[in-house]
**Student:** 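One structure, pasted below without further comment.
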Amino acid sequence: MAGNKGSGRPNTINTHPEKKTIIKQIVLGEHGLPGGMPKAQVAKRLGMHADSVSRYRKEHITEEMVRSILAGARTAPVDEATQVLNDERMDVARTYDSLARRVEKLITKAEEAGDDGFALAAMDGLRKVLRDIATMHGRMSTNLTVTQSLAESPEWVTMKSILRAVCDEVPEAQPVLLKQMRHHVLSVTKEDSVL
């Protein structure tokens, strides 16, 4: 018997603790994206033959997995940039909070020393800091989020044109298609009602 089919020997990638990472490297490597590796390099890293990795790709990595990995690769840079912005915003918020606490300590110290003029000036400063904090929190009350719309994706636009062509060629298919789309809660707008 050629290979290990039916031999009871477990697949190296399926049993590897970094299986998800390996699959991601294979898929991204096929598309020349960052984080990817050529199949030969993956094979060498795992001590396998390159043909085994190619066979694993064909037999175990579904198109759904590929789409999911590629979608993640598209959004990863946006997610990273969003996280940097959110971190910077939180850093500004922490700086203002720290400043407000320091001013409060100065006010308490001035009041204990009986220096009403300094306490009053510090209170005015605290009022301005608190106003800045309130303004900042109003503008930055929520973290930034990035939303991708399926309706705008090139794949969906292509799929709609294919479905429209099928419905033009086979008019009886349109009611069935629309019924199925509604059943699966897929978005059908008025302009799309005749795909």
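Both backbone and side-chain heavy atoms feed into the values below; hydrogens, waters and symmetry mates do not.
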**Student:** Can you name the closest pair of heavy atoms from P171 and P175 and give their distance?
**Tutor:** O-CD, 3.5 Å
**Student:** Is it true that atom NZ of K39 has more than 12 heavy atoms of other residues, nucleotides or ligands lying nearer than 6.0 Å?
**Tutor:** yes
**Student:** So, taking the atom named CD in E18 and the one named CD1 in I23, what distance separates them when rounded to the nearest 0.5 Å?
**Tutor:** 12.0 Å
**Student:** Tell me, yes or no, whether the heavy-atom count around R45 atom CZ, taken from other residues, nucleotides or ligands under 6.0 Å, exceeds 12.
**Tutor:** yes
**Student:** Check G35 against Q25 and note the closest heavy-atom contact, atom names and distance.
**Tutor:** O-CG, 3.5 Å
**Student:** For Y56 and I13, work out which heavy atoms get closest and say how close.
**Tutor:** CZ-CG2, 3.5 Å
**Student:** For E111 and D116: C-alpha separation, side-chain torsions, deciding distance, then whether side-chain contact (heavy atoms from CB on, under 4.5 Å) applies.
**Tutor:** CA-CA 6 Å; E111 286 174 342; D116 293 338; 5.7 Å; no
**Student:** Is K58 paired with E63 through a side-chain N to carboxylate O contact shorter than 4.0 Å?
**Tutor:** no
**Student:** Going from CG on L33 to CZ on R74, what distance comes out if it is rounded to the nearest 0.5 angstrom?
**Tutor:** 9.0 Å
**Student:** So, D51 and R55, do they make that salt bridge, N to O below 4.0 Å?
**Tutor:** no
**Student:** Would you mind reporting whether L177 and C167 have side-chain heavy atoms less than 4.5 Å apart?
**Tutor:** yes
**Student:** Return the OG to CZ distance between S52 and R57, rounded to the nearest 0.5 Å.
**Tutor:** 15.5 Å
**Student:** Would you say R67 and V27 make side-chain contact, with heavy atoms under 4.5 Å?
**Tutor:** no
**Student:** Any non-hydrogen side-chain atom of H16 less than 4.5 Å from a side-chain atom of I22?
**Tutor:** yes
**Student:** Within the 4.5 Å heavy-atom criterion, are M48 and V42 side-chain neighbours or not?
**Tutor:** no
**Student:** Minimum heavy-atom separation for A50 and A40, please, with both atom names.
**Tutor:** CB-CA, 4.1 Å
**Student:** Could you check whether any side-chain heavy atom of I107 comes within less than 4.5 Å of a side-chain heavy atom of F118, counting everything from C-beta outward?
**Tutor:** no
**Student:** Quick one: do V176 and L163 end up in the same hydrophobic cluster if we chain Ile, Leu, Val, Met, Phe, Trp and Tyr together by side-chain heavy atoms under 4.5 Å apart?
**Tutor:** no
**Student:** Would a 4.5 Å heavy-atom cut-off, applied to side chains only, mark M37 and I26 as touching?
**Tutor:** no
**Student:** Minimum heavy-atom separation for M65 to H60, with atom names?
**Tutor:** SD-O, 3.7 Å
**Student:** With the 4.5 Å side-chain cut-off for hydrophobic clustering, are L28 and I61 part of the same group?
**Tutor:** yes
